[in-house]
Novice: 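So that we are looking at the same thing, I have put the structure below in structure tokens.
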Amino acid sequence: MRLAFRDALHAVRRAPLLSMLSVTTIAFSLFAFALFGLVALNIKRALESVEERVEIRAFVTDSTPAEDVTNAANEISRYREVQAVKIVSQDEALARARRDLGEFSDVFERGVLPASIDIRLKPGSRDPRSVAAVATRVRTMPFVDDVRYGEEWITQLYRLRNMAGVTGLVLGLAFAIVAVIIIGSTIRITVLARSKEISIMRLVGATDGFIRRPFLIEGFAKGVLGGFLALALTWIASLTLEHYLNFHAMFFDDRIAAFGLAGGALIGLFGSGMAVNRHLRRV
């Protein structure tokens with residue numbers, strides 16, 4: 001193994017430009033994939049922040065005793081889909097409406113808006129089916145006059161979320177396949193440049209495993225270096241977008257960054273293995 005590490009290091013020293021080309025190709029291939037992933041991650045976060053605003057508002061008839069409203073709120077809070085329940089009195093509803101309307105705050109008069117029970121749902125229970133199921137159960141309560149939850153808006157939001165997820169998955173796989181093809185072709189150039197060396201090693205009785213090991217180590221190292229460079233480029237791109245577009249972009253966490261480095265290493269390892277195996281079959 002020590003000899004394999006030494007041979008890999010000597011190969012890099014003998015052809016530094018070719019090694020730099022391989023690392024750069026891996027870096028930019030992974031950078032294109034990471035940049036798309038970063039955009040998809042921020043779109044997902046934006047949709048989740050909008051999804052957090054999904055709530056059900058049950059309007060209560062004016063003659064309902066406060067004790068009945070409180071008991072109903074406690075019962076609703078025990079639903080498995082419900083995260084939080086808040087009772088909004090008529091005065092609170094009026095203050096909220098005036099705050100939201102701004103300069104048109106004088107449109108509503110005292111006692112016009114009914115009291116309500118505002119229901120926020122747990123993550124994972126904000127899809128149209130779950131929201132409609134909770135709304136239906138609340139609507140059966142005798143003192144509930146009406147239930148509003150923006151059915152059409154929630155349906156469109158959920159459809160947009162599914163479309164973004166499917167599009168992200170398909171394009172992500174396409175980027176990954178293109179990256180593997182480009183990287184494999186680049187590493188194959190490195191193997192072909194050392195074809196005479198491989199032939200001589202074969203003639204003196206070297207096994208395929210002995211010949212393959214330095215190339216695998218070299219490919220692994222290039223993949224890791226390319227992954228680091230791709231992360232650095234993605235971070236710079238993220239800061240640039242934040243500066244010019246004036247918004248806070250979400251960057252990859254440590255787990256995703258480590259996954260990216262591991263992906264670069266595996267791509268380098270896999271590309272080297274495929275290239276050297278193809279050449280060994282021809283020798």
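Quick caveat, the model's predicted, so the values are computed rather than measured. Sequence positions, counted from 1, serve as the residue numbers for this chain. The figures that follow rest on heavy atoms only: side chains count, while hydrogens, waters and symmetry mates do not.
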Novice: State, yes or no, whether a side-chain contact exists between V138 and I117 at a heavy-atom distance under 4.5 Å.
Specialist: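 SC-SC contact between V138 and I117 ruled out.
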Novice: Which pair of heavy atoms, one from D68 and one from F143, lies closest together, and at what distance?
Specialist: O-CZ, 3.8 Å
Novice: Rounded to the nearest 0.5 Å, how far does CD1 of I56 lie from OG of S130?
Specialist: 9.5 Å
Novice: Under a 4.5 Å side-chain heavy-atom rule over Ile, Leu, Val, Met, Phe, Trp and Tyr, are L261 and I236 clustered together?
Specialist: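 In one cluster with L261: I236, yes.
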Novice: Would one find more than 12 heavy atoms of other residues, nucleotides or ligands at under 6.0 Å from atom CG of D254?
Specialist: no
Novice: Quickly, which of V147, V88, V60 forms a side chain to side chain contact (heavy atoms under 4.5 Å, CB included) with S116? Name it, please.
Specialist: V88
Novice: Can you name the residues that form a side-chain hydrogen bond (donor to acceptor under 3.5 Å, both in side chains) with R137, not counting sequence neighbours?
Specialist: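 Expected list: none.
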Novice: Hydrophobic clustering (ILVMFWY, side-chain heavy atoms < 4.5 Å, transitive) - are F228 and F252 grouped together?
Specialist: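 Linked within one cluster.
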Novice: Check the hydrophobic clustering (I, L, V, M, F, W, Y; side-chain heavy atoms under 4.5 Å; chains of links allowed) and say if F31 and F259 are grouped together.
Specialist: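 Hydrophobic grouping puts F31 apart from F259.
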Novice: Looking at every non-hydrogen atom in both residues, tell me the closest pair between A230 and A27 and how far apart they are.
Specialist: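 Heavy-atom minimum between the residues: CB-O, 3.4 Å.
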Novice: From the options V131, V134, V54, I119, select the one residue that forms a side chain to side chain contact (heavy atoms under 4.5 Å, CB included) with Y149.
Specialist: V131
Novice: Find out if a path of hydrophobic residues (ILVMFWY) with successive side-chain heavy-atom gaps under 4.5 Å connects L266 to I256.
Specialist: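 Each belongs to a different hydrophobic cluster.
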Novice: Return yes when atom CZ of R139 has more than 12 non-hydrogen atoms of other residues, nucleotides or ligands closer than 6.0 Å, and no otherwise.
Specialist: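 Buried by this count: over 12 neighbours within 6.0 Å.
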Novice: Which distance, rounded to the nearest 0.5 Å, do you find between the CG of D145 and the CG of D62?
Specialist: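 CG of D62 is found 8.5 Å from CG of D145.
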Novice: Determine, using the 4.5 Å side-chain heavy-atom cutoff (strictly less than), whether V144 and F59 are members of one ILVMFWY cluster.
Specialist: no
Novice: Less than 3.5 Å apart, which donor and acceptor atoms pair up between the side chains of residues 79-87 and the rest of the protein, not counting sequence neighbours?
Specialist:
none

